[in-house]
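Working notes for the structure below.
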Amino acid sequence: MGPVRAVACRFMEVRDLHPWPSTPEEAEAIQDRLRPLLELDVPGPASPRTVAGLDVSYAGDGGGTGTRLAAAVVVLDAATLDVVEESVAVGTAAFPYVPGLFAFRELPTLLDALRNLKTTPDLLVCDGFGVAHPRRFGLACHLGVLTGLPAIGVGKTAFVGTYDPPGGRRGDASPLMHGDEEVGRVLRTRDGVKPVFVSVGHRADLGSACRTVLALAPEYRLPETTRRSDRLSRDALGT
DNA sequence: GCGACAG
DNA sequence: ATCTTGTCGC
């Protein structure tokens, strides 16, 4: 029983705990039920050897249910940024787009892509947020709990929270505050370029998450993990 | 009450 | 997310 099973079994186990939601109320209830399973106070992967980037592309309108989509996972060697493994899965949007319930749209197809992986990555880098979420349970949290793997989120725009603009140089960061809690960090990955929003999802700490994101983004604003998975998912749609 | 709101 | 032209800059 190899790594493939480790991911697949984890998903099956959790999926059996609840039916797929058909209403926003049911979806919120699932988030509330899974949130206690989060492990947030553990030191994140200090130096992950392999890091998986996940992203989804849509064909046509990306608002409703049933839209065709492609989910891609690209595993990189964290030290060299070389591609270790790739996986793509096509499917349909499993839920309408509702801010705060975004994960339910692409989760099934993302898990399909993860299931086909032979590698068990040391860290999942998701497109979106972790605990920087209205109910502290964004996509990175959901994926982390379902797979049992350390997971973080990297968002391109703010969702919840307030912050002061970080310094203008690469590496500068400022806390993303929600109430009196630091739910994430606004991190500048390139001099003079719009920062990204990093938050923890599962089994990771914010400091390690930011260091890893910086290491993954030596040249461009977005980490190579998301750039690679974005390209792969786009290609899979044929467009 | 009204608007804003990850991808 | 996706629909889209040209344009400024490294």
Side-chain angles (χ1 to χ4, degrees), chain A residues 21 24 27-28 30-31 34-35 38 53-74 88-111 113 124-145 151-163 170 176-179 183-187 189-202 206 209 213 217-223 225-239:
Chain A
E28 287 183 17
I30 290 171
Q31 292 180 327
L34 296 184
R35 193 185 320 103
L38 284 177
L54 302 84
D55 193 30
V56 173
S57 291
Y58 294 77
D61 172 52
T65 309
T67 310
R68 270 176 46 80
L69 53 77
V73 181
V74 176
V88 204
V90 294
T92 56
F95 207 79
Y97 173 69
V98 179
L101 302 177
F102 168 62
F104 293 96
R105 264 178 97 52
E106 15 189 86
L107 217 40
T109 313
L110 278 171
L111 289 166
L124 262 36
V125 178
C126 310
D127 214 60
F129 292 108
V131 296
H133 176 276
R135 280 174 303 285
R136 300 284 191 279
F137 202 77
L139 174 64
C141 299
H142 212 138
L143 272 170
V145 167
I152 64 173
V154 179
K156 295 180 282 292
T157 62
F159 185 26
V160 297
T162 58
Y163 61 93
R170 165 179 161 83
L176 178 62
M177 303 299 294
H178 195 199
V183 294
R185 209 158 280 169
V186 187
L187 177 65
T189 52
R190 289 198 67 182
D191 292 358
V193 174
K194 187 186 202 298
V196 298
F197 301 78
V198 180
S199 58
V200 157
H202 185 57
L206 195 49
V213 169
E219 187 174 3
Y220 299 100
R221 177 195 176 219
L222 297 177
T225 36
T226 63
R227 297 186 73 246
R228 293 275 193 173
S229 53
D230 175 77
R231 190 174 180 182
L232 181 57
S233 63
R234 217 171 284 249
D235 290 347
L237 282 180
T239 306

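Numbers restart at 1 for each chain; the letters A, B, ... are given by sequence-line order, proteins then strands. Side chains included, hydrogens not; waters and symmetry mates left out as well; all remaining heavy atoms used.
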- Check every atom of C/dT2, B/dC5, B/dG7 against the side chain of A/D127 and return the nucleotide holding the closest atom.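 Ranking C/dT2, B/dC5, B/dG7 by closest atom to the A/D127 side chain puts B/dG7 first.
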[X] has an atom [atom1]; how far is it from atom [atom2] of [N], in whole Å?
X: A/R234; N: C/dC3; atom1: CZ; atom2: C1'; result: 12 Å
X: A/F102; N: B/dG7; atom1: CZ; atom2: P; result: 7 Å
X: A/L101; N: B/dC5; atom1: CG; atom2: P; result: 17 Å
X: A/F104; N: B/dA6; atom1: CZ; atom2: C1'; result: 14 Å
X: A/L69; N: B/dA6; atom1: CG; atom2: P; result: 18 Å
X: A/R105; N: C/dT2; atom1: CZ; atom2: P; result: 11 Å
X: A/D55; N: C/dT2; atom1: CG; atom2: C1'; result: 13 Å
X: A/R221; N: C/dC10; atom1: CZ; atom2: C1'; result: 18 Å

- Query: Under 4.0 Å between a side-chain N/O of A/Y97 and OP1 or OP2 of C/dA1, yes or no?
  - Reply: no
- Query: Just to confirm, is there a sub-4.0 Å distance from OP1 or OP2 of B/dG7 to any side-chain nitrogen or oxygen of A/T157?
  - Reply: yes
- How many angstroms lie between atom NE2 of A/H142 and atom CZ of A/F102, to the nearest 0.5 angstrom?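 Spacing of NE2 (A/H142) from CZ (A/F102) equals 12.5 Å.
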- For the atom pair OG (A/S57) and CZ (A/R68), what is the distance rounded to the nearest 0.5 Å?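 Separation between the atoms: 11.5 Å.
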- How does DNA chain B look in dot-bracket form if you count Watson-Crick and G-U pairs under 3.5 Å, write [ ] for pairs that cross, and put | where a base pairs with another strand? .......
- Cation-pi check, A/R227 onto A/Y220 ring (under 6.0 Å, within 45° of axis):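 Yes, A/R227 and A/Y220 form such a contact.
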- Task: Applying side-chain hydrogen bond (donor to acceptor under 3.5 Å, both in side chains), name anything that partners A/D55, two or more places apart in sequence or on another chain.
- Result: none
- Extract the stems that DNA chain C is part of, considering only consecutive pairing runs of at least three Watson-Crick or G-U wobble pairs, both distances under 3.5 Å.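 Listed by first number, the stems come to none.
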- Query: For the side-chain contact (heavy atoms from CB on, under 4.5 Å) test, which of A/L54, A/L124, A/V88, A/L232 pairs with A/V73?
  - Reply: A/L54
- Item | Ring geometry between A/F95 and A/F104 (parallel below 30°, tilted from 30 to 60°, perpendicular above 60°) |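 Correct class here is tilted.
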- Pair A/V198-A/V196, side-chain contact (heavy atoms from CB on, under 4.5 Å): steps then yes or no: CA-CA 6 Å; A/V198 180; A/V196 298; 4.1 Å; yes
